[in-house]
Protein chains: 2
Amino acid sequence: MSEVHEQGGTAATRPTMRDALVEAAFELFSERGFEQTTVDDIVSLAGVGRRSFFRYFPSKEAVVFPDHDGCLADMTTFLEQADPSGDPVAQVCDAARLVLRMYAGNPSFSVGRYRLTKQVPNLRTHELSVVWRYERTLAGHLRTRYAARADGALRADVIAAAVVAAHNFALRSWLRSGGEGDVGAAVDEALQLVVDTWGDGAAEGRSESQDEEVVVMVARRGTPMWRVVQGVEAALEQ
Amino acid sequence: MSEVHEQGGTAATRPTMRDALVEAAFELFSERGFEQTTVDDIVSLAGVGRRSFFRYFPSKEAVVFPDHDGCLADMTTFLEQADPSGDPVAQVCDAARLVLRMYAGNPSFSVGRYRLTKQVPNLRTHELSVVWRYERTLAGHLRTRYAARADGALRADVIAAAVVAAHNFALRSWLRSGGEGDVGAAVDEALQLVVDTWGDGAAEGRSESQDEEVVVMVARRGTPMWRVVQGVEAALEQ
DNA sequence: TCGGTGATGGCACTCAGTACCCTCGATTAT
DNA sequence: ATAATCGAGGGTACTGAGTGCCATCACCGA
């Protein structure tokens, strides 16, 4: 387990300039707005050259989301190390909680950023692409775990979208409140809906394990046969 | 029911210039790529002034999605006119099918656009914001319909995300294939997963109709598959 | 001390997007 | 009929994001 993703090498050398840029950017963004702030304004406040800004951030929007690259990498390694026999839905929920932890770890920054992204269309769009990468990462994990199922890829995409939606629902509610209350509990509650619906021991009726010998398959009349077989197969052969 | 959203007034006057720009843009995009094409290239091929391009499209990316504004408006009116007593999940699925119809109504255009958006990050991001508007529209409908439930807003967001994910799963598969096969059926099948999970008469409390609707198959773990299939088949198809 | 490497600054350039103003044609009021 | 108005489009010039290229400087191994 490496450190919590200090993307530089030896701990304290790299962050200086990058952090200075982020700090300067947020100072200007919050006092005069995103679109009213030019990159030249940021670099002159940070006391660095203009060219250096684009060495650290690919665009002016990216400086608003400086921590997501590392978090995405953390999520990726987390899922790679996940137990191949555990409930994949629970695993992607835990992966989503990594993102939450990042937001909750810096409430004032997160709330400030939220207010900013809410107002600036460009930032909203950029946030969508950030969220999209998380969602694709979760979906990728689920796809490999559901590879045996005929509808595995579809299930993976749907569940990943549901997890992200539930996570964002609770997160945004917390951000809207200004960072008051227990986000962790709120996200747990929201994700519970997804786990109850899609996780192991939910849905098409593996009736818990009251016996360990019996499997119950529930299907609506008219369900295509292949779908039934799939469900039974998944339950029996796992 | 107005016409299928001819956003101009008297049918044939408006489209000329807008369509000419779209056509010119796609010709250049497909032959030399999106980023290698400037707005000046487009307007000179279309034979119009540069300023006119930005009168019709707010950005260079927007010309790639010329039909989504109208489709979003159609979706909005469709949901406004939806039966307040019908299954809201089925309604948002039908709303999603409006988008599908737009894609399916012009396969070659849709496939060309897909190949483009797959390669160009800027276009992928722009597509995300387009999809996001659809999702928020669906979620808004579900929120009003689920207003009575304590977790209504959460359910609305999760279901909307699931519908969009299922729709896009089938749509993208079709686009990847170059437009071969029956998209409608594929989307129906994908959305069925969502309806089965979240729609009226699914999951949580639909024990009231368990008699004529549901079949329960009980088997011991280790039962040969053919025996299970036999039993289920007998129960389902009698 | 020299050469290499990586981080940074500076300059110039392209191009998206916008503000402002012009032209032209059609409609309408006087 | 002429003038005023208005809407669609063209043209010019400007801002600012993002990039390519090169110079500089610090550090480091030989």
Side-chain angles (χ1 to χ4, degrees), chain A residues 6-26 28-29 32-66 69 116-117 120-127 129, chain B residues 6-26 28-29 32-66 69 116-117 120-127 129:
Chain A
E6 199 74 41
Q7 73 274 29
T10 54
T13 57
R14 222 34 105 253
T16 318
M17 183 159 194
R18 192 181 151 95
D19 290 353
L21 283 169
V22 172
E23 195 177 345
F26 267 80
L28 293 171
F29 289 165
R32 77 175 89 154
F34 180 82
E35 282 147 324
Q36 281 65 47
T37 304
T38 72
V39 174
D40 293 276
D41 296 336
I42 300 171
V43 296
S44 69
L45 178 60
V48 302
R50 167 187 165 80
R51 196 65 184 77
S52 296
F53 180 91
F54 291 102
R55 274 192 250 278
Y56 285 96
F57 305 100
S59 69
K60 183 183 161 191
E61 287 79 29
V63 77
V64 180
F65 306 91
D69 281 0
L116 216 50
T117 53
V120 183
N122 252 359
L123 290 179
R124 182 179 53 69
T125 301
H126 194 270
E127 190 186 36
S129 78
Chain B
E6 199 73 42
Q7 71 276 28
T10 55
T13 56
R14 216 42 100 254
T16 319
M17 184 157 192
R18 192 181 151 95
D19 290 353
L21 283 168
V22 173
E23 196 178 344
F26 267 79
L28 294 171
F29 290 165
R32 81 174 86 153
F34 180 81
E35 280 147 325
Q36 283 64 46
T37 304
T38 70
V39 174
D40 293 277
D41 295 335
I42 299 170
V43 296
S44 68
L45 178 61
V48 302
R50 169 185 166 79
R51 195 62 187 77
S52 296
F53 180 91
F54 291 102
R55 282 199 185 90
Y56 285 94
F57 305 101
S59 71
K60 184 183 163 191
E61 287 79 27
V63 77
V64 180
F65 306 91
D69 280 0
L116 217 50
T117 52
V120 182
N122 253 358
L123 290 179
R124 181 178 55 67
T125 300
H126 195 271
E127 189 185 37
S129 78

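Quantities reported herein were computed from a predicted structural model and do not represent experimental measurements. Chain A is the first sequence line, chain B the second, and so forth, proteins listed ahead of strands; every chain is numbered from 1. Atoms considered below: every heavy atom in the structure, side chains included; atoms not considered: hydrogens, waters and symmetry mates.
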Could you list the residues that satisfy side chain to side chain contact (heavy atoms under 4.5 Å, CB included) with [X], not counting sequence neighbours?
X	answer
B/Asp41	B/Leu28, B/Arg32, B/Thr37, B/Thr38
A/Leu116	A/Phe26, A/Phe29, A/Leu123
B/Ser44	none
A/Arg50	A/Val39, A/Asp40, A/Val43, A/Phe54

I need the [atom1]-[atom2] distance between [X] and [N], as an integer number of Å.
X	N	atom1	atom2	value
A/Leu123	D/dA17	CG	P	13 Å
A/Asn122	C/dT18	CG	C1'	15 Å
A/Ile42	D/dG16	CD1	C1'	12 Å
A/Leu21	D/dA17	CG	P	14 Å
A/Tyr56	C/dG6	OH	P	14 Å

Distance test, side-chain N/O of B/Ser52 to OP1/OP2 of D/dG10, below 4.0 Å: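 Yes, such a contact exists.
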Give each protein N/O atom lying under 3.5 Å from an N/O atom of nucleotides 10-17 of chain C, with the pair distance.
residue : atom : partner : partner atom : Å
C/dA16  : OP1  : B/Lys60 : NZ           : 3.3
C/dA16  : OP2  : B/Val39 : N            : 3.2
C/dG17  : OP2  : B/Lys60 : N            : 2.6
C/dG17  : N7   : B/Arg50 : NH2          : 2.3

Minimal non-hydrogen separation, B/Leu21 against B/Ser52, with atom names: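 Heavy atoms only, the tightest pair is CD1-O, 4.4 Å.
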Only counting residues at least two apart or in another chain, list the ones meeting ring-ring contact (aromatic ring centres under 6.0 Å, His included) with A/Phe65.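 Testing A/Phe65 for ring-ring contact (aromatic ring centres under 6.0 Å, His included), a comparison that skips the adjacent residues, returns A/His68, A/His126.
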